[in-house]
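Take a look at the structure set out below.
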Amino acid sequence: MHEIVTLQFGHFANFVGAHFWNTQEAHFNYQQPGDEEETAPELVNHDCLYRVGMTNKGVETYTPRALIFDLKGGFGSINKYKLYETPPAQDHYQEQYDLSWDPSKMETFQEQQYSKSAYQKHLEDEELGLATEEGEDNVELNEIRTWSDYNRVYFHPKSMVTLTGYQMDSEFMPFDVFSYGRAAFNETEKEKETYDENFRLFTEECDQLQGFQVMADVLDGWGGYAVSYLEQLREDYPKATVVTYGLSDDKMGKNSTMRERQTTAVNETMAMTNLSRLSSLYVPVRAPTRAMLSPQGWTKNIRFDPSNRYHTSAFISTGIDNALLPCRLRRGGVFMADMIGALNWRNVTTIGTLSTGLPFPFGGSKLPDLTGKLSPLLDLSSRKSDEDDQVFSQSVVLRGLETNQFAKYAAGTPKTPREVVDEMLYTLPIGKSLGDSKIHTPLKYPIPTSFPRFFQGLTTEGYQNTERSPPNNREDGTSKVNSVPTISRLAVSTTTRWHLQSLSDSVKKINLRLLPQFDADVTGGVNNEEFDEAKETLLDLYDIYNE
C-alpha cells in the first residue's frame, strides 16, 4: 500500500498539520452507490496516509496514520476518544472500586475546559442534523486560537500524545530550549512509552512502508524532542526514507533580548545539524513575513496576515502537501525513496528548499513567469538568492489544471497545449541531476471550509477573474473558492548556503557557559564539545553548498 507515517512535533507544526489533514479529508469522494452522477476516478491513493481501524463497537474507521505531539493545553477542545467512544480513565476507576467518600468532605479541583470555536460547534450541530454543510462557509473564523479550532478530522486515540510536564504558554516554565526537549523525551518515554505503545501501532501494520514525513518546530524545545525521537526511530529503521520539515515563525523563540536571540540561534543550530543528519532530506521552512509581502507578486490574490498562524500555516501546508504528492498518486507516481534519492543524489546534500505558489495565477492573458521578482513561487527556506546559485536537483509539481486548459496559450503557435506547459515549467533552472522531476497533474487542491478566507480576485475554481467571469465576492470582498491550482518546488540548491552562513555567523561567538539553560550536567543538556561540533558541521555543510 506504500504507506507514509506522519509525525508532528510542536504547536506550530500542528497548525500546519491541521490544514494538511483537512485538505486530505477534502479529497475523499463521499458519493454514495446509486447516485445518478458517475463517480470520478480517484487520482490519489488515500491508503498511503490513512489506515483502516475498528471502534469498540465494531464500526470500521479510516483515520490518519499520524502521531501528533503537543504540550498540555495545546490540543484545545479536541476529544481524542470521541470516535472510538472510550470512557475517560476516572470512569474505569469508579467502576472497579467502590469509593464511598463523604461528599461534604470532598473538595473538587477541575481544570477549566477549553471552549469550542464557532466552527467546531457548527460541525457538531451538523452531525446532529441541526445544521447543514452548506452553512459552513458562513461560520465565523476570525477568532482562531489554536489548531483544534478548525480541525475537521477524527484521529486514532493513540495519535495524540501530550507532554504533561509542560503547559502551553507558561511563563513560569516555558518549553523554549533544545535541552528541555531532549529531557522531556526521556521523561515521556519513562511515563508513557509512546514509542512502543503508539509509534509501533502505526508502523508494524504497514505492508510496504514508503517512509516518514516529519513536521517539527525547531526554534524551541520541540527541536530537541524531535531529534531524540528520530534517533530512536533510526535504531529500528536505519535505511528508511525520512523527510523532515523544520518549521519556524516569529512567535517561536522570543527575540527581545540578546540572551533570547542567542538561545534561539543555538536551538536552531542544534536542531538543523542533528535533524539533517537523521533525515534523508531536511527542509527548513519559515513562515512568510510582512517584509516578504508582494502586492504584484505572490500576495496579489491573497489577503494575507503574516502575524496570524492560521494564515501562515495554511500557506505552508500547501507546499508540504504538494511536495510528496507524487508519492501518493495512483498513476504516474514515484516511490518516496526514489524521489528523495534523486534529490539527494550526491548523498551529502541532505538539506533542501521548499517553494510554494498559492494560488498558481492562471486564467490571464499570459502564463506567469516562474522566475524573477513576480514569480508565484515563494521560497520558504532561503532568505537570500544570487545569480550564481546553482540547482543540484528538483521536483516541481503543478496541480489542478487539465492540459486542454492551456489550449488558448497555444493558439496561433505551432505548439501543443502540453508543450506550452512544459515550456513554462522548464523556465525554472535545470538541475545537474538526471533525476529532475516536473509533474503536471489535474488533481485539484481542494479548499475546505476550514481554510482561511483570504483569496481575492478568483473564480470558484481558483482561476484569475476576468471580465467574462461571474461575480464571486463575499461581503468582505474575498472570493469563495472550492479549489485552486497550485505549484510547488522541492529542490536541493546552493541557495541553502545563505541560510547556513547566516546561522553560522549568529552562533560562532556564543559562549555556551553564559546560557545555563543548556546545562550540560542535566539530562538532555548540551555541552561545549557538542555545540562546537554543531558549529563545525554548519561550516562543513556551507562548503558543500558553496560550489
Side-chain angles (χ1 to χ4, degrees), residues 1-9 20 24 43-51 64-67 199-200 202-216 226-227 229-246 274-285 319-355 381 391-397 399 431-441 443 488-493 496 541 544:
M1 296 192 331
H2 297 178
E3 300 91 347
I4 298 173
V5 176
T6 301
L7 306 175
Q8 298 170 202
F9 301 103
F20 177 84
Q24 305 313 310
L43 299 179
V44 65
N45 182 2
H46 301 299
D47 291 335
C48 290
L49 293 173
Y50 280 74
R51 63 183 294 276
R65 191 175 284 107
L67 278 167
F199 177 78
R200 294 190 190 281
F202 295 101
T203 55
E204 293 182 354
E205 66 185 7
C206 296
D207 294 326
Q208 192 174 4
L209 180 67
Q210 283 201 68
F212 300 91
Q213 172 181 250
V214 182
M215 307 176 204
V227 167
Y229 207 94
L230 290 191
E231 286 175 340
Q232 181 78 49
L233 183 152
R234 279 303 187 193
E235 291 184 12
D236 287 346
Y237 299 91
K239 296 183 179 180
T241 303
V242 179
V243 178
T244 301
Y245 302 98
N274 282 283
L275 291 175
S276 62
R277 168 179 60 87
L278 294 164
S279 305
S280 309
L281 188 70
Y282 173 77
V283 186
V285 177
I320 290 178
D321 180 55
N322 278 7
L324 294 184
L325 178 65
C327 306
R328 310 196 305 270
L329 293 176
R330 288 191 178 276
R331 293 184 179 180
V334 61
F335 202 60
M336 194 171 168
D338 296 332
M339 176 182 173
I340 302 305
L343 287 169
N344 182 24
W345 57 274
R346 299 175 65 198
N347 293 323
V348 291
T349 49
T350 54
I351 301 178
T353 63
L354 178 66
S355 302
S381 301
V391 177
F392 296 131
S393 53
Q394 61 188 330
S395 171
V396 180
V397 177
R399 65 184 292 189
K432 296 180 179 180
S433 168
L434 296 177
D436 264 20
S437 170
K438 293 182 173 67
I439 292 178
H440 169 220
T441 172
L443 178 65
S488 69
R489 179 174 178 249
L490 191 61
V492 173
S493 72
T496 297
L541 288 168
I544 291 172

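No experiment lies behind these values; they were computed from the predicted model shown. All values below were derived from every heavy atom in this structure, side-chain atoms included, with hydrogens, water molecules and symmetry-related copies excluded. Throughout, residue positions are numbered sequentially from 1 according to the sequence presented.
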Exercise. With sequence neighbours excluded, tell me which residues meet side-chain hydrogen bond (donor to acceptor under 3.5 Å, both in side chains) with Ser395.
Key: none
Quiz item: Considering residues at least two apart in sequence or located in another chain, which fulfil the side chain to side chain contact (heavy atoms under 4.5 Å, CB included) criterion with Arg234?
Solution: Ala240, Val242, Leu278, Ser280
Practice problem: Take Asp207 and Glu3, measure what side-chain contact (heavy atoms from CB on, under 4.5 Å) needs, and give me the verdict at the end. | Solution: CA-CA 8 Å; Asp207 294 326; Glu3 300 91 347; 3.8 Å; yes
Self-check item: Student check: side-chain heavy atoms of Val243 and Gln213 closer than 4.5 Å
Solution: no
Quiz item: Do you know which two heavy atoms are closest between Cys327 and Cys48, and how far apart they sit?
Solution: O-SG, 3.9 Å
Quiz item: If you look at every heavy atom in Phe9 and Ala226, which pair is closest and at what distance?
Solution: CD1-CB, 3.8 Å
Quiz prompt | Met215 side chain near Thr6 side chain, heavy-atom distance below 4.5 Å | solution = yes
Quiz prompt | Worked verdict on Ile439 versus Leu325 for side-chain contact (heavy atoms from CB on, under 4.5 Å) | solution = CA-CA 10 Å; Ile439 292 178; Leu325 178 65; over 6 Å; no
Exercise. Would you mind reporting whether Arg277 and Glu231 have side-chain heavy atoms less than 4.5 Å apart?
Key: yes
Quiz item: When rounded to the nearest 0.5 angstrom, what distance separates CG in Leu209 from OH in Tyr237?
Solution: 6.0 Å
Self-check item: Flag, side chain of Gln210 to backbone of His2, donor-acceptor distance under 3.5 Å
Solution: yes
Quiz prompt | salt bridge (Lys or Arg N to Asp or Glu O under 4.0 Å) pairs, two or more places apart, involving residues 321-337 | solution = Asp321-Arg328, Asp321-Arg399
Quiz item: Do the side chains of Val214 and Ser279 get nearer than 4.5 Å, heavy atoms only?
Solution: no
Self-check item: Under the side chain to side chain contact (heavy atoms under 4.5 Å, CB included) test, residues paired with Thr496 that sit two or more places apart
Solution: Ile351, Thr353, Leu500, Tyr545
Quiz item: Partners of Phe20 by ring-ring contact (aromatic ring centres under 6.0 Å, His included), sequence neighbours excluded?
Solution: none
Quiz item: Hey, are the side chains of Trp345 and Val492 touching, using non-hydrogen atoms and a 4.5 Å cut-off?
Solution: no
Quiz prompt | Minimal non-hydrogen separation, Ser488 against Ala323, with atom names | solution = OG-N, 4.0 Å
Exercise. Check side-chain hydrogen bond (donor to acceptor under 3.5 Å, both in side chains) between Ser437 and all other residues, then give those that pass, not counting sequence neighbours.
Key: none
Self-check item: Residues in side-chain hydrogen bond (donor to acceptor under 3.5 Å, both in side chains) contact with Glu205, at least two apart in sequence or another chain
Solution: Arg51
Practice problem: Determine the interplanar angle of the Tyr229 and Phe199 rings, folded into 0 to 90°, and report it as parallel if under 30°, tilted if 30 to 60°, perpendicular if over 60°. | Solution: perpendicular
Self-check item: Partner set under salt bridge (Lys or Arg N to Asp or Glu O under 4.0 Å) for Asp236, not counting sequence neighbours
Solution: Arg200
Quiz prompt | Considering all heavy atoms, the nearest Asp47-Arg65 contact | solution = O-NH1, 3.1 Å
Anything under 3.5 Å between a donor and an acceptor, one on a side chain of residues 333-344, the other on a protein residue two or more places apart or in another chain? List them.
unit_1, atom_1, unit_2, atom_2, d
Asn344, OD1, Asn347, N, 3.2
Asn344, OD1, Val348, N, 3.4
Asn344, OD1, Thr349, N, 3.0
Asn344, OD1, Thr349, OG1, 2.9

Quiz prompt | Heavy-atom check, side chain of Leu281 versus side chain of Leu490, under 4.5 Å | solution = yes
Self-check item: side-chain hydrogen bond (donor to acceptor under 3.5 Å, both in side chains) involving Thr241 - partner list, sequence neighbours excluded
Solution: none
Quiz item: Taking side chain as C-beta onward, heavy atoms only, is Phe212 less than 4.5 Å from Leu230?
Solution: no
Quiz item: Are Thr244 and Tyr282 close enough, and set up right, to give a side-chain contact (heavy atoms from CB on, under 4.5 Å), and what steps lead you there?
Solution: CA-CA 5 Å; Thr244 301; Tyr282 173 77; 3.9 Å; yes
